[in-house]
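Each remark here refers to the structure printed beneath this line.
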Amino acid sequence: MIIKFQIIKSVVINAVKTTTFLKGKVDEGGDANALKLSYVETAGESETHEAKLTHLFDTALEKVKIIFVDYLAPTSQTVGDNVIYYKDNNDTIVEFTLDVSRRYNGTMANTLARLVANYVECYMTYWWWVETTNLKQAEPYVGELSMAEMQIRRCFVLSPPSVPTIPYTTQLSAKVDGTSLGGELNMEVGEEISLTYTLSDGAIDDIEARSKDTEIVSVLRGVEKHSFVLKAMNSGVTGIKLFSRHNDTLEVDTEIIVIGEQS
Amino acid sequence: MTKIVNISTSELKAKVLEQLGFLGKRLKDTKGMSQYPAVLPSIIEDGVFRQFVDTAVGHICSDYSEYLVKSYAIDTSNTISLQFNRDDWTVGMTKMFEYSLVGALVSYVVYEILSIYIPDYAKKYLDDMIMQQNDMKRHFFSTLPPANEDVSLSNCTGSVTLSTITPIKPSV
């Protein structure tokens, strides 16, 4: 199963900038002279800040990639699909392509995208506070990062294995000498008839044939595949039934009239 | 991207002279003589004026690190050119900063001149300069929220493609 998702760089970086902006404003609110502190701790538009944020963003992506390693199920054909790359040259959209076992729950794909964006944001914010010496501010993000990683891992919940399907037949028809068996078959005492049956194309099944009165007609498996041999033992009227051992509604019922052997 | 603030020294000088003239016209010494000529620098004192301006720029801009003030120059037309390293500075903020900077420079130069002749009045301009320096800091170090974007976390999406596996059928 291929999981594809994308995160948008500007969304993540804006979230980090907003977080630092709010902290800066709170500091300003608490101390009117903290303008300069607020300015230097707020992630802004300067080249240095942008370069730092991009560096943190790229590093976080690699960290996430390592989380995914546990769930990748590449084959020799798909090993190259397990990649993370920028979708366009503007570095704005990062697209992940993961080849995982088909048992992973694919309904979490959107959630996975947003949780990964959240993980990257937490990672960036954590390091921003560490590197601006706001260790107290950074502290909560340690737990948040662990939580975010756990939540990403929970997206890869396994579904039960799919039940194997066996292509049992849905059709059963019997023929005698190449002619479809009607509702009635005439035999003479001592006569042996080969009965063949056919199933749906490509299907398998286990077909049984039983005589309703073995004194009149006996049924044996034929030498050929998909065939039975009917042997008329005594004169009389009876019937045979062909039925599937896997499908109760699938059967062929035929009346057999055995007449005495002609002299 | 940087923002450049240009200040003409001739305009600066005119503003200084206005302040000194305003004060000198109303001041008289103990003998009742006007202080007007005393406080106004003469043309030959232009060099001193320039020294005061240079000192003022150095002093007032010392609050901003080398990282924040990229360059300081006075060109042949005697225009002071200060280059500030602020990418997200809006036009309004730049203008406010520029007004406060000019005010602080004027106050400093007036303070320097008056402190030689009439130190009692000089103090007022020192207070003005400190106030204008604080204003400059407010304008310079004010931060803006990140620009609004039309994309959000909900635009981060995912999809799943089931691998095509051909079931193995037994031959019939």
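All values derive from a computational prediction rather than experimental measurement. Proteins come first, then strands; the chains are lettered A, B, ... in the order of their sequence lines, and each starts at number 1.
- Rounding to the nearest 0.5 Å gives a distance of 11.5 Å between OG1 of B:Thr157 and CD1 of A:Ile7.
- Using a 4.5 Å heavy-atom threshold, the side chains of A:Met1 and B:Val160 count as touching.
- Counting heavy-atom pairs under 4.5 Å between each of B:Ala147, B:Gly158, B:Ser142 and chain A puts B:Gly158 at the top.
- Taking CG from A:Leu35 and CG from B:Asn134, the interatomic distance works out to 9.5 Å, rounded to the nearest 0.5 Å.
- With a 6.0 Å radius and a threshold of 12 heavy atoms from other residues, nucleotides or ligands, B:Tyr72 has its OH atom above the threshold.
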> Run the side chain to side chain contact (heavy atoms under 4.5 Å, CB included) check on B:Thr143 and A:Glu28 step by step: do they pass?
Replying inline: CA-CA 10 Å; B:Thr143 48; A:Glu28 269 180 48; 4.0 Å; yes

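- If you measure heavy-atom distances from A:Phe21 to chain B, the contacts under 4.5 Å come from the side chain alone.
- Residue B:Tyr111 qualifies as open at atom OH: its count of foreign heavy atoms under 6.0 Å is 12 or below.
- When the shell of 6.0 Å around CE of B:Met93 is examined, it contains more than 12 heavy atoms from other residues, nucleotides or ligands.
- When the shell of 6.0 Å around NE2 of A:His246 is examined, it contains more than 12 heavy atoms from other residues, nucleotides or ligands.
- Counting heavy-atom neighbours within 6.0 Å of B:Tyr121 OH, excluding the residue itself, gives a total of 12 or less.
- No more than 12 heavy atoms of other residues, nucleotides or ligands shown are found within 6.0 angstrom of NZ on B:Lys123.
- Atom OG in B:Ser152 sits 7.5 Å away from atom CD1 in A:Ile8 (nearest 0.5 Å).
- Around the CZ atom of A:Arg153, the shell of radius 6.0 Å holds more than 12 heavy atoms that belong to other residues, nucleotides or ligands.
- Residue B:Pro146 comes nearest to A:Thr18 through the heavy atom pair CG-OG1, 3.4 Å, listed as atom of the first residue, atom of the second, then distance.
- At least one side-chain heavy atom of A:Ser10 sits less than 4.5 Å from a side-chain heavy atom of B:Val151.
- Options A:Lys25, A:Glu50, A:Met108, A:Arg114 differ in how many heavy-atom pairs under 4.5 Å they form with chain B, and the most are formed by A:Arg114.
- Under a cut-off of 6.0 angstrom, the local environment of CH2 in A:Trp127 is sparse, with at most 12 non-hydrogen atoms contributed by other residues, nucleotides or ligands.
- Taking SG from B:Cys156 and CG from A:Leu112, the interatomic distance works out to 11.0 Å, rounded to the nearest 0.5 Å.
- Within the 4.5 angstrom heavy-atom criterion, atoms from both the backbone and the side chain of A:Ile3 approach chain B.
- A pairwise comparison of heavy atoms in A:Val11 and B:Glu149 identifies N-OE1, 4.0 Å as the closest pair.
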